[in-house]
Amino acid sequence: MPNDPVTPGGSPTPYDAQLPEVTYPKTIVGQPALVTGAASGIGKATALGLARAGADVVVNYDGDAAPAEDVAHQIEAMGGRAIAIMADVSKEDDVTAMFAKAVDHFGTLHIVVSNAGLQRDSPFEQMTLEQWNMVIGVNLTGQFLCARAATREFKRRGVDAKLSVAAGKIICMSSVHQEIPWAGHANYASSKGGVMLLMKSIAQELAPHRIRVNSVAPGAIRTPINTSAWSTPEAYAELMRLVPYKRIGEPDDIARAVAWLASDAADYITGATLFVDGGMTLYPGFATGG
Ligand code: NAD
């Protein structure tokens, strides 16, 4: 898939020209996958990437249906199967209804990517309880609700050896901020730190059931959630101080990692976080200092 053509300042950076052509090996053919928050950004690229790798896809969205329907139509145009389902992942009834609808439509689910997330940034002393609860509710409780619903379905079905050696795969969209503290974003960093131990705890618990649970932790990816960090040349240059690999990540960089983790090629991997961050977690300030 070609990379997002949007570039800072409207002109290509030297690195945009070097992005690799993206191909998806057909490693998850016929496996139904559900991706939350799949109408934009990383979730959209992941839904399309999993479809390219052969999966049938539930495109979850919250809000306007049109962008999610568009993703589903793109998948169908590639010859895949897709359905868009509305659900607020922070609401138990919505998540229960979404999984019921997904299983009704595709028969089961093999892959669940808990990607939906948001930010409500604020200096700490001004952070409202509403801002705190909103971020924890979507980014952490939403992951709990979706992982629990996925677990119930995976255990109900068990291993279907025709499709995968595992009973199911859960992939949590975390962030480098599960590790890097982030001033002005205490709610967001707390939610992602919580995702890390949620993921590890349930990976340990579910491994005997052949359910693999892993996280992908993106660095700075060019999506609507962080437009201010890349949409002007000044902001982009500032961002590059934090990225040793000296280019912003594209949604497809994340989608490819998710598709691989979801495949049997990654069968012995559970409880792991795969950082896809151009080296952002390598303490770039120490490249010249320290
Ligand atoms: P985005 O804003 O494009 O995507 C987030 C999606 O989640 C949106 O489609 C939004 O509608 C959906 N969403 C929000 N609340 C929801 C809810 N209650 N129920 C269902 N869907 C809901 O931004 P993105 O960058 O693609 O973010 C996707 C994930 O990646 C998030 O979890 C984010 O924390 C994580 N992430 C992004 C970056 C980055 O640099 N872009 C870095 C690290 C982690």
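Order of appearance sets the numbers: ligands from 1, and atoms from 1 within every ligand.
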Q) Given Gly219, Pro67, Cys146, which one has a non-hydrogen atom that is nearest to atom 38 (C) of ligand 1? A) Gly219
Q.
Need the ligand 1 atom indices (1-based, order shown) with element for anything under 4.0 Å from a heavy-atom of Ala116.
A. 7 (O), 13 (N), 20 (C), 21 (N), 22 (C), 32 (O)
Q | Residues forming a ring pair (Phe, Tyr, Trp, His ring centres under 6.0 Å) with Phe106, sequence neighbours excluded | A | none
Q) Looking only at heavy atoms, is any part of Ile42 under 4.0 Å from ligand 1, and if so is it the side chain, the backbone, or both, or is it neither? A) both
Q. Nearest non-hydrogen atom to atom 3 (O) of ligand 1 belongs to which of Ser40, Ala39, Gly37?
A. Ser40
Q. With a 4.0 Å heavy-atom cut-off (strictly under), which part of Ser174 contacts ligand 1: side chain, backbone, both or neither?
A. backbone
**Q.** Region of Ile254 engaging ligand 1 - heavy atom pairs below 4.0 Å
**A.** neither
Q) So which bit of Ala87 gets within less than 4.0 Å of ligand 1, heavy atoms only: side chain, backbone, both or neither? A) backbone
Q) By number and element, which atoms of ligand 1 are closer than 4.0 Å to a non-hydrogen atom of Asn60? A) 20 (C), 21 (N)
Q | Contact check, side chains of Ile225 and Gln119, non-hydrogen atoms, under 4.5 Å | A | yes
(Q) Just to be sure I read this right, does ligand 1 sit under 4.0 Å from the backbone of Asn115, its side chain, both, or neither, counting only heavy atoms? (A) both
Q. Any N/O of Asn139 closer than 3.5 Å to an N/O of ligand 1?
A. no
Q | Lys192 contact mode with ligand 1 (heavy-atom cut-off under 4.0 Å) | A | side chain
(Q) Given Thr223, Thr227, Asp277, identify the one with the heavy atom nearest to atom 25 (O) of ligand 1. (A) Thr223
Q.
Other members of the hydrophobic cluster containing Val165, with the 4.5 Å side-chain heavy-atom rule, please.
A. none
Q.
Tell me the contacting part of Val89 for ligand 1: side chain, backbone, both, or neither, using a 4.0 Å heavy-atom threshold, strictly below.
A. both
Q) Using a heavy-atom cut-off of under 4.0 Å, does the side chain or the backbone of Asp88 touch ligand 1, or both, or neither? A) both
**Q.** Pairwise distance CE(Met86) to OH(Tyr61) - rounded to 0.5 angstrom
**A.** 6.0 Å
